[in-house]
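Encoded as structure tokens, the structure appears first; notes follow it.
Just so you know, these numbers come straight off a predicted model, no measurement behind them.
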Amino acid sequence: MATKVASKASSQIDLKKIRNIGFIAHIDAGKTTVSERVLFFTGMTYKIGNIDDGTTVMDFMDLERERGITIGSAATATVWKGYQINIIDTPGHVDFTAEVERSLRILDGGVVIIDAVAGVQPQSETVWRQADRHSVPRLIFVNKMDRAGASFTRAIESISRRLNANPVPIQLPIGAESEFRGVVDLIEQKAWVYESDEAGDPIECPIPADMADDVVAYRAHLVEKVSETDDELLMAYLGDEEISDEALVAALRQATIDLKITPVLCGAALKHRGIQQLLDAVVAYLPSPVDIEDVKGINPADGSEITRRASPDDPVSVLVFKVVSDQHVGRLVYIRVYSGVLESGATLYNPRTRSRERIGRLLRMHADRREEISSAGPGEIVAAIGLKDAFTGDTLAANDARIMLESIEFPEPVLSVAVEPKLRSDQDKMDVALTRLADEDPTLRVSTDEESAQVVLAGMGELHLEVIVERMRREFGIDVNVGTPHVAYRETISRVAEAQGRLVRQTGGHGQFGDCTLRLEPLAVGEGLQFESEITGSTLPREYFRPIEQGAREAAANGVLAGYPVTDVKIVLTDGSHHEVDSSEMAFTIAASMAFKAAAQKARMALLEPIMKLEVVTPSEFLGDVLADLNSRRAQIQNMEGHNDTQVVTAFVPLAETFRYATILRSRTTGRASFVMSLDHYDKAPRHIAEEIAGGKT
């Protein structure tokens with residue numbers, strides 16, 4: 001595909017006029033539809049892409065267009081009123097939550113899209129928590145105001161209730177459902193209406209008379225909420241002084257950046273309504289790279305904390321957040337520039353590999369189109385060609401000013417399947433394909449089962465693994481046989497136990513001697529494995545502490561009950577002895593493994609199974625069938641609530657009971673119900689399940 005060299009170096013862009021934003025939301029809330037309208041109204045495209053027709057710019061993979069869902073996050077850049085807006089459109093399906101995680105890690109702001117009919121949905125809660133974790137300022141766009149059952153006030157209530165947010169409307173809708181025709185701007189107190197369903201600019205008109213009281217009330221609420229975040233404004237508010245629009249906008253912008261307020265807008269993206277005002281709000285309220293805190297990292301040499309300013313004058317530092325295998329240019333590495341100016345041809349240092357890498361070419365991405373550029377400044381999101389060993393989460397920095405930025409953490413896979421090529425001759429091709437796919441996707445784990453020699457794929461869910469298998473067929477021409485799914489169980493202990501591990505081996509010459517005592521203590525769910533020592537270096541040389549920890553962790557990784565990893569356990573080193581001549585690190589590693597297994601046998605092992613949070617939306621007439629099916633799957637019903645003729649059921653269900661749930665639900669409800677599922681926690685499996693699984697593994 002042809003590329004062209006940009007006429008203007010990226011480093012010349014005013015940093016205050018850059019916005020790095022992502023569209024995040026539940027599946028089907030309208031992220032890609034909003035993205036397509038944004039590209040059209042900013043002049044990046046001349047024809048609006050349609051999901052149903054498979055003509056979207058941001059969903060450019062064939063699989064995405066066929067299924068009508070976003071699978072991989074797509075990046076593009078556009079310009080609105082002199083501001084450069086770098087956009088990432090993220091998936092909404094929980095199986096691709098890693099795409100959201102890595103996008104939020106490098107974004108400065110986000111637009112959360114909420115369905116005006118459904119309100120806040122489960123995946124909206126998930127992405128909201130992810131954004132909270134990365135302290136990303138957000139706007140909320142209540143979409144689909146033109147649909148039957150749309151309610152702006154109900155959407156606001158669900159935002160407050162389910163997200164524990166502080167939503168403050170800065171717009172009110174004019175009409176709703178089929179009568180939705182525009183919005184009232186509460187700051188400028190102007191009404192904007194759309195005269196047709198065609199893509200066009202809104203027309204300013206007087207505020208409808210029947211909305212006058214609501215506008216006054218909501219405007220007063222807006223001023224009160226913003227005043228609470230700004231001392232000067234609060235004094236003026238309490239003194240009944242007039243607050244200018246400029247002062248209100250400035251204070252609202254700061255409150256948004258400080259995560260104190262989330263401005264709420266509304267519209268109907270499918271009918272092109274509210275998009276221009278959303279772009280104005282992105283520019284007005286979301287931060288530029290200079291509005292956020294200086295990025296923190298550590299010095300790879302001594303571990304001390306250092307910072308980098310979003311300035312072209314600071315040494316260059318970038319973070320790799322995505323890797324893609326491109327059929328035209330090979331390995332495409334997406335990076336966010338945090339400081340300095342990155343030039344094509346530059347050689348940077350990678351602290352993880354302790355090696356240098358050379359940037360071949362720099363590209364500004366427009367979904368699957370590329371524009372070659374000569375340099376990229378702070379705050380820019382670009383792609384690089386030529387990086388061989390850089391992976392997701394790696395830092396690249398100037399060799400004479402090394403820094404390691406915080407990496408990106410991804411959830412552990414919960415489901416695995418065995419795969420084998422249908423043709424033996426495709427074995428090598430399959431290995432290459434899986435290596436590339438795992439390079440792109442940090443939540444895809446590829447391993448080989450030692451007993452069966454089968455290749456095992458572990459991922460985030462049935463859809464995730466289904467998409468991987470389909471990509472192997474389409475992109476690499478490999479048909480595979482897929483085994484039955486396997487659940488990623490965990491093991492833990494139920495009580496405190498202690499045991500000694502002692503290795504004494506004499507084989508002529510130097511022997512092997514290692515002796516340690518470990519105590520295992522149960523921890524709360526989700527706390528993982530912890531190791532500490534209660535003894536001092538006088539009892540046992542400190543040089544053996546690390547091998548002991550390593551041996552215990554290796555034993556925990558292979559499990560005791562059924563071969564699954566042990567978690568939520570504190571390992572305490574309580575005693576030990578050594579031999580001046582025969583002791584070695586290897587001996588203590590083996591002794592610690594023996595001690596761990598012995599203590600675990602005494603500690604009453606229990607099997608933990610992944611529990612999914614399931615939300616089913618079904619017509620009321622099928623509620624009984626849905627509940628009966630859930631009860632047969634060991635589900636714990638948490639909540640049921642009705643909206644019009646629709647029932648929403650929330651439940652916790654063991655992952656092992658959810659296979660083929662989509663097919664069963666469709667058949668029981670004639671295809672009219674839908675569901676969303678995400679990993680919520682691990683819990684102890686019933687005894688008969690644990691015995692069955694342990695028996696099958698031994």
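Salt-bridge annotation for K570 and E527: absent, with no side-chain N of the basic residue lying under 4.0 Å from a carboxylate O of the acidic one. Under the 4.0 Å criterion applied to side-chain N and carboxylate O atoms, E470 and R473 are assigned as salt-bridge partners. A salt bridge between D479 and K422 is absent, with no side-chain N of the basic residue lying under 4.0 Å from a carboxylate O of the acidic one.
Contact between T492 and K684 at its shortest, heavy atoms only, is CG2-CE, 4.5 Å. Scanning both residues, G514 and A591, for their nearest heavy atoms gives O-CB, 3.6 Å. Of all heavy-atom pairs between V323 and D439, the closest is CG1-OD2, 3.6 Å. Between A592 and L518, the shortest heavy-atom contact is O-CD1, 3.6 Å. The two residues N350 and A390 have their closest heavy-atom pair at ND2-CA, 4.1 Å. Scanning all heavy atoms of the two residues, the minimum distance from G563 to E491 falls at N-OE2, 3.0 Å.
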- Task: Begin with the C-alpha distance, continue with both residues' side-chain angles, and end with the deciding distance and a verdict on side-chain contact (heavy atoms from CB on, under 4.5 Å) for I693 and L607.
- Result: CA-CA 9 Å; I693 292 166; L607 193 74; 3.6 Å; yes

- side-chain contact (heavy atoms from CB on, under 4.5 Å) assessment of S494 paired with M605: CA-CA 6 Å; S494 302; M605 297 296 295; over 6 Å; no

- Item | Worked verdict on T395 versus Y349 for side-chain contact (heavy atoms from CB on, under 4.5 Å) | CA-CA 8 Å; T395 302; Y349 178 77; over 6 Å; no

- Query: Do R364 and E380 pass the salt bridge (charged side-chain N to carboxylate O under 4.0 Å, His left out) test, and can you show the C-alpha distance, the side-chain angles, and the key distance before you say yes or no?
  - Reply: CA-CA 9 Å; R364 181 173 290 122; E380 294 235 56; 3.3 Å; yes

- Message: Pair Y489, L608 - check side-chain contact (heavy atoms from CB on, under 4.5 Å), show working.
- Response: CA-CA 6 Å; Y489 291 100; L608 298 175; over 6 Å; no

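Side chain of D441 to backbone of A438: no donor-acceptor contact under 3.5 angstrom is found. In this structure, the side chain of R633 engages the main chain of E657 through a donor-acceptor pair within 3.5 Å. Within the 3.5 Å criterion, the main-chain N or O of N86 finds no donor-acceptor partner in the side chain of N20. Checking side-chain atoms of R105 against main-chain N and O of E406 turns up a donor-acceptor pair under 3.5 Å. Side-chain N or O atoms of N558 include one that pairs as donor or acceptor with a backbone N or O of E554 at under 3.5 Å. When atom types are taken as modelled, the side chain of R553 and the backbone of Q550 share no donor-acceptor pair closer than 3.5 angstrom. A donor-acceptor distance shorter than 3.5 angstrom exists from the side chain of S407 to the backbone of G393, with no hydrogens or angles considered. Within the 3.5 Å criterion, the main-chain N or O of K613 finds no donor-acceptor partner in the side chain of D680. The backbone N or O of Y661 lies less than 3.5 Å from no partner atom in the side chain of T658, so there is not a single donor-acceptor pair.
The side chain to side chain donor-acceptor pair (under 3.5 Å) search around H134 returns E101, not counting sequence neighbours.
Between the side chains of S584 and Q512, at least one donor N or O sits under 3.5 Å from an acceptor N or O.
Each of R424, M430, K429 was compared with Q427 under the side-chain contact (heavy atoms from CB on, under 4.5 Å) criterion, and only M430 meets it.
The shortest distance between side-chain heavy atoms of E357 and L348 does not fall below 4.5 Å. The side-chain heavy atoms of L529 and T567, taken from C-beta on, include no pair separated by under 4.5 Å. A 4.5 Å side-chain heavy-atom check between V560 and Q601 finds at least one atom pair inside the cut-off. Proximity of Y334 to V320: side-chain heavy atoms (C-beta onward) are nowhere separated by under 4.5 Å. With a 4.5 Å cut-off on side-chain heavy atoms, L362 and E372 do not count as touching.
Here S35 contributes atom OG and I113 contributes atom CD1; the two are 6.5 Å apart, rounded to the nearest 0.5 Å. To the nearest 0.5 Å, atom CG of residue D394 and atom CD1 of residue I335 are 12.0 Å apart. With rounding to the nearest 0.5 Å, the separation of CG in L319 from CG in L396 is 8.5 Å. Rounding to the nearest 0.5 Å places CG of L434 at 11.0 Å from CZ of R471. Separation of atoms CD (E409) and CZ (R133) is listed at 8.0 Å; rounding is to 0.5 Å. Summarising the geometry, atom CG belonging to L444 is positioned 7.5 Å from atom CG belonging to L465; distances are rounded to the nearest 0.5 Å.
Atom CD of Q530 is surrounded by more than 12 heavy atoms from other residues, nucleotides or ligands within 6.0 Å. For R331, the CZ atom is densely surrounded, since the number of other residues' heavy atoms within 6.0 Å is greater than 12.
Note on ring orientation: taking the six-membered ring where Trp is involved, the planes of Y544 and F588 are parallel (angle under 30°, cut-offs 30° and 60°).
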